[in-house]
Protein chains: 2
Amino acid sequence: MCKLTPKPRKPRADQIRNRERLLEAARKVFRSDNGSLEAVARQAEVGIGTLYRHFPTREALFQAVYAREVAALEAQAQLGELAAWMKAALEMMATKGGMVAALEPVLDKDAPFFTEQSARMGAAVGRLRDQAVAAGELRPDVTAEDLMRVLLGLSYGPGADASRSGLLLEVFLDGLKPE
Amino acid sequence: MCKLTPKPRKPRADQIRNRERLLEAARKVFRSDNGSLEAVARQAEVGIGTLYRHFPTREALFQAVYAREVAALEAQAQLGELAAWMKAALEMMATKGGMVAALEPVLDKDAPFFTEQSARMGAAVGRLRDQAVAAGELRPDVTAEDLMRVLLGLSYGPGADASRSGLLLEVFLDGLKPE
DNA sequence: GAATATACGGAGGGAGCCTCCGTTTTGCAA
DNA sequence: TTGCAAAACGGAGGCTCCCTCCGTATATTC
């Protein structure tokens, strides 16, 4: 009388367990190792096939791992302080190297589909940015994507130096004022 | 009577020819393909072993390919205009994706040896930066490495968008003024 | 034209990516 | 409980890339 959908089965226990193991392993491996997916599977003591079934693409795994970080940044964005938010985001990226992975998809124009994570992230930043523009605190020709790009650029790639990126963000924020 | 060194032989013709082919092939492959070294060798119609003999590491190949670009930027730096130079560098990177590879080594603190290319590049930027500081046009707390970092960050990695990076550099340069 | 230093090519071993499918486990109904 | 089909598991296997090593080919030199 209740379930009109075919047959809702309880998810299997091993499925849940393995997913958890994989996420845990991925966090470790992404932070140190070269980030090979096979290494993640090994660390999780799970077959490589299992990894791919849970997370069909590398992206999917990244997204899942850093969903929590995204949520935190999203919450922080509620406060409505653009400059403060960018500093917090930078901080987060500095301490948690892999965090950048969560930002990437937002910027990838070619992404086959806008995932929920990146959509939420993008929306949060967009809101912040719009408020700042409305308040006359931000050059209107700078978009939310631009802001993400800079954050990513400052903390990503070879030569990224956490001890300097704070200063560089400062410089950038200075330049962001209109007029 | 002249050569005290053992036996100076003329370099073989095929050696020179192959080196040229490899550089040409590398330029093409780095710009489009995934940048696999095997692809470079194939494109050059040369054995993989030959590639490795000429360029023992990926870095070595990159460096050779972009040595000319570096020289151009170095020349441009002679003009002594920091802002103009950064714009030119950005432009170059936008049109020639692989150019970033030439900048990377400058930023890599862990590089086992400071190559000539990166040393020249670093020196050129350092000079520009010092002049700008002396002229009171640049915050003295920003180093030459910082400048490179930003250039790299704006044009490198996922989401890099040549059409936006010009504006972002503008913003950054605005923020660079002291006071 | 021969000798020999020099360069060439690619086989081969290691590793990662991803797919596919036979085997095992699990939830559910009888 | 027991049985069974759905769901999940694991890893072999086919592909590509990385890099080394060494037998073969060739340009220079005498």
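To find a chain, count down the sequence lines: A is the first, B the second, and so on, and within it residues start at 1. Quick caveat: nothing in here was measured; it's all calculated off a predicted structure.
One can place CZ of B:R17 at 11 Å from C1' of D:dA27, the figure rounded to the nearest angstrom. The CG atom of A:L37 sits 12 Å away from the P atom of C:dT19 (whole-angstrom rounding). Atom CZ of B:R58 and atom P of D:dC17 are 11 Å apart (whole Å). Across the protein-nucleic acid pair, A:R19 atom CZ and C:dT26 atom P stand 19 Å apart, rounded to whole Å. Here the C1' atom of nucleotide C:dG9 and the CZ atom of B:R21 are 14 Å apart, to the nearest Å. Residue A:I16 contributes atom CD1, which lies 13 Å from atom C1' of D:dA7 at whole-angstrom precision. The distance between atom CG of A:L51 and atom P of C:dC17, rounded to the nearest whole Å, is 10 Å. Rounding to whole angstrom units, CD of residue B:E20 and P of C:dC8 are separated by 13 Å.
Candidate nucleotides C:dC18, D:dG10, D:dC19 were compared by shortest atom distance to the side chain of B:Y52, and D:dC19 ranks first. The side chain of A:I48 approaches C:dT19 more closely than any other nucleotide in the set D:dT28, D:dT20, C:dT19. Closest approach to the A:R12 side chain among C:dG9, D:dA6, C:dC17 is made by D:dA6 (side chain taken as heavy atoms from C-beta onward). Comparing D:dC19, D:dC17, C:dG27 by their nearest atom to the side chain of A:K10 picks out C:dG27.
Residue-level contact check: B:R42 touches the backbone only, with heavy atoms under 4.0 Å from sugar-phosphate atoms and none from bases.
Between B:L37 and B:L61 the shortest side-chain heavy-atom distance falls below 4.5 Å. Under the 4.5 Å side-chain criterion, counting only non-hydrogen atoms from C-beta, B:E137 is not in contact with B:L82.
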Donor-acceptor pairs under 3.5 Å, side chain of residues 44-58 of chain B to any protein atom, not counting sequence neighbours: which ones?
| residue | atom | partner | partner atom | Å |
| --- | --- | --- | --- | --- |
| B:E45 | OE1 | B:R21 | NH2 | 3.0 |
| B:T57 | OG1 | B:E59 | N | 3.4 |
| B:T57 | OG1 | B:A60 | N | 3.0 |
| B:R58 | NH2 | B:G35 | O | 2.8 |

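Across every non-hydrogen atom of B:A25 and B:Q43, the tightest pair is CB-CG, 3.4 Å.
Residue B:H54 places at least one side-chain N or O under 4.0 Å from the OP1 or OP2 atom of C:dC8. An OP1 or OP2 oxygen of D:dT29 is reached within less than 4.0 angstrom by no side-chain nitrogen or oxygen of B:R9. For the pair B:T50 and C:dA7, the criterion of a side-chain N or O lying under 4.0 Å from OP1 or OP2 is not met. Remark: A:N18 is not in phosphate contact with D:dA8, judged by side-chain N or O atoms under 4.0 Å from OP1 or OP2. An OP1 or OP2 oxygen of D:dC9 is reached within less than 4.0 angstrom by a side-chain nitrogen or oxygen of A:R53.
With the nearest nucleotide of DNA chain C identified for both A:D14 and A:P56, A:P56 has the one nearer the 5' end. Take the nearest nucleotide of DNA chain C for B:P11 and for B:E38: the residue whose nucleotide is more 5' is B:P11.
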Checklist entry - For A:D174 and B:R139, what are the C-alpha separation, side-chain angles and deciding distance, and is it a salt bridge (charged side-chain N to carboxylate O under 4.0 Å, His left out)? => result CA-CA 12 Å; A:D174 263 9; B:R139 294 170 56 143; 3.5 Å; yes

